[in-house]
There are 2 protein chains.
Amino acid sequence: MYAASIPTMAVASAEQIARLVSELARRFAAYLDTQAADLHLTGPQAALIRHLDRPLPMKDVAGRLRCDASNVTGIVDRLESRGLVERRVRAGDRRVKELVLTGEGRRVQRRVAAIAERLSGLELSDSEQSRLIELLEKALSALPPA
Amino acid sequence: MYAASIPTMAVASAEQIARLVSELARRFAAYLDTQAADLHLTGPQAALIRHLDRPLPMKDVAGRLRCDASNVTGIVDRLESRGLVERRVRAGDRRVKELVLTGEGRRVQRRVAAIAERLSGLELSDSEQSRLIELLEKALSALPPA
DNA sequence: TATTGTTATACTCTATAACTATA
DNA sequence: TATAGTTATAGAGTATAACAATA
């Protein structure tokens with residue numbers, strides 16, 4: 001046993017948390033990817049569709065996906081070729097192209113949204129869920145906003 | 001990767017957990033990537049180094065990274081060209097190449113390992129950490145093993 | 001001049017299939 | 001024949017820089 005002033009246990013569990021969060025992140029991402037693949041979407045494509053809650057300029061899409069604007073061109077090209085999204089020149093400013101979902105795009109969007117919700121069960125009781133939410137929010141506050 | 005925004009109201013805590021875990025996963029991955037980039041490593045390169053706790057056949061590396069063996073060739077090529085890892089033909093079976101860290105590779109490995117540990121604080125007390133570990137483990141059990 | 005989006009370029013990661021060398 | 005690893009190929013994502021159109 002060590003002196004109480006040096007939180008040995010805390011260090012041990014800190015590492016454990018890092019490992020668990022890492023594992024959870026990995027599996028969660030893998031889950032999302034496989035679910036997206038079922039819809040014939042890559043991760044970034046699914047993310048783009050999920051963020052398209054209203055007509056959005058390409059630049060804003062890049063902002064939400066946190067990637068360079070030049071990438072969005074390619075991702076949108078592929079989605080547009082499948083008829084899921086559409087580029088529309090903004091009336092007031094012809095430099096801007098707004099991205100909108102097609103009818104089929106909206107159908108896919110609903111299925112994408114359902115993916116995260118399907119994770120919900122998590123085998124936790126209501127009170128466990130509340131507590132987990134609290135702790136996750138606190139843990140989140142320790143990470144850079146990115 | 002998924003939604004950035006956290007709902008202000010939440011009675012539906014299951015969905016909220018899905019969003020929080022999603023957000024945590026996203027930020028955690030982003031954090032790991034930027035930290036790895038500081039070491040001039042990509043995510044997969046850092047992951048490979050992290051898993052190299054002993055001489056490991058290429059095939060086992062692929063297993064640990066959960067990717068096809070053909071990918072490992074390229075990742076290892078790049079690490080080897082930087083002198084971080086080394087391929088060694090196994091004495092007993094000349095088909096097998098075991099991957100080992102060089103001295104410099106071990107130094108980098110220690111820095112990679114430190115990344116996850118640095119996440120440890122998480123601004124949680126000891127008991128909060130214990131509880132979070134419990135809940136994370138339970139939540140993990142709901143996800144496919146991948 | 002500044003901004004929006006695209007194109008050109010170059011890398012990394014990904015899987016599948018064909019190939020080699022060993023067993 | 002079977003296994004370990006590589007190579008060939010092709011597609012997707014990433015960023016930087018240069019560019020056109022528009023403001």
Side-chain angles (χ1 to χ4, degrees), chain A residues 26 29-30 32-34 36-52 55-82 84-100 146, chain B residues 1-2 26 29-30 32-34 36-52 55-82 84-100 146:
Chain A
R26 193 186 62 71
L32 293 180
D33 280 355
T34 59
D38 287 349
L39 301 175
H40 304 102
L41 295 172
T42 63
Q45 285 168 3
L48 191 155
I49 286 181
R50 186 146 205 268
H51 281 105
L52 216 55
L56 225 50
M58 301 289 278
K59 191 186 183 180
D60 292 8
V61 173
R64 292 202 181 188
L65 299 185
R66 295 168 215 277
C67 70
D68 191 86
S70 63
N71 298 329
V72 179
T73 298
I75 298 172
V76 168
D77 283 349
R78 290 179 272 276
L79 290 175
E80 193 168 32
S81 75
R82 286 177 53 193
L84 299 180
V85 302
E86 219 178 85
R87 287 168 164 103
R88 287 194 197 153
V89 174
R90 180 187 280 174
D93 184 342
R94 297 185 49 77
R95 291 174 304 181
V96 177
K97 288 179 191 165
E98 289 183 333
L99 208 57
V100 297
Chain B
M1 223 53 88
Y2 279 97
R26 192 186 64 72
L32 291 181
D33 280 357
T34 60
D38 287 349
L39 300 176
H40 303 102
L41 295 172
T42 64
Q45 286 168 2
L48 191 154
I49 286 181
R50 195 159 43 82
H51 282 106
L52 215 54
L56 225 50
M58 301 291 276
K59 191 186 183 179
D60 292 8
V61 173
R64 292 202 180 189
L65 298 185
R66 294 166 215 277
C67 70
D68 191 86
S70 63
N71 298 327
V72 178
T73 299
I75 299 173
V76 168
D77 282 349
R78 291 180 271 278
L79 291 174
E80 193 168 33
S81 75
R82 286 176 52 193
L84 299 179
V85 301
E86 219 178 87
R87 286 169 165 102
R88 288 196 197 150
V89 173
R90 181 187 280 175
D93 184 342
R94 296 185 50 77
R95 292 175 303 180
V96 177
K97 289 179 191 167
E98 290 182 333
L99 206 59
V100 296

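Computed from a prediction, not measured in an experiment: that's the story for all the values here. Numbers restart at 1 for each chain; the letters A, B, ... are given by sequence-line order, proteins then strands. Both backbone and side-chain heavy atoms feed into the values below; hydrogens, waters and symmetry mates do not.
Counted within 6.0 Å of CZ on B/Arg87, heavy atoms from surrounding residues, nucleotides or ligands total more than 12; the atom is thus considered enclosed.
The only option from A/Leu65, A/Val72, A/Asn71 that meets the side-chain contact (heavy atoms from CB on, under 4.5 Å) definition with A/Asp68 turns out to be A/Asn71.
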Please output the side-chain donor-acceptor pairs of residues 37-45 of chain B that fall under 3.5 Å, not counting sequence neighbours, one pair per line with the distance.
{"unit_1": "B/Thr42", "atom_1": "OG1", "unit_2": "B/Gln45", "atom_2": "N", "d": "3.3"}
{"unit_1": "B/Gln45", "atom_1": "OE1", "unit_2": "B/Thr42", "atom_2": "N", "d": "3.0"}

Base-contact (B) and sugar-phosphate-only (S) positions in nucleotides 2-12 of chain D, heavy-atom cut-off under 4.0 Å, - elsewhere: BBSSBB----S
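Spacing between atom CG of B/Asp33 and atom P of D/dA15 amounts to 11 Å, rounded to whole angstrom units. Rounded to an integer number of Å, the gap from NE2 of B/His40 to P of C/dC11 is 16 Å.
Of all non-hydrogen atoms in B/Met58 and B/Leu99, the two that sit nearest each other are SD-CD1, 4.2 Å.
Remark: B/Arg90 engages B/Glu98 in a salt bridge, criterion side-chain N to carboxylate O under 4.0 Å.
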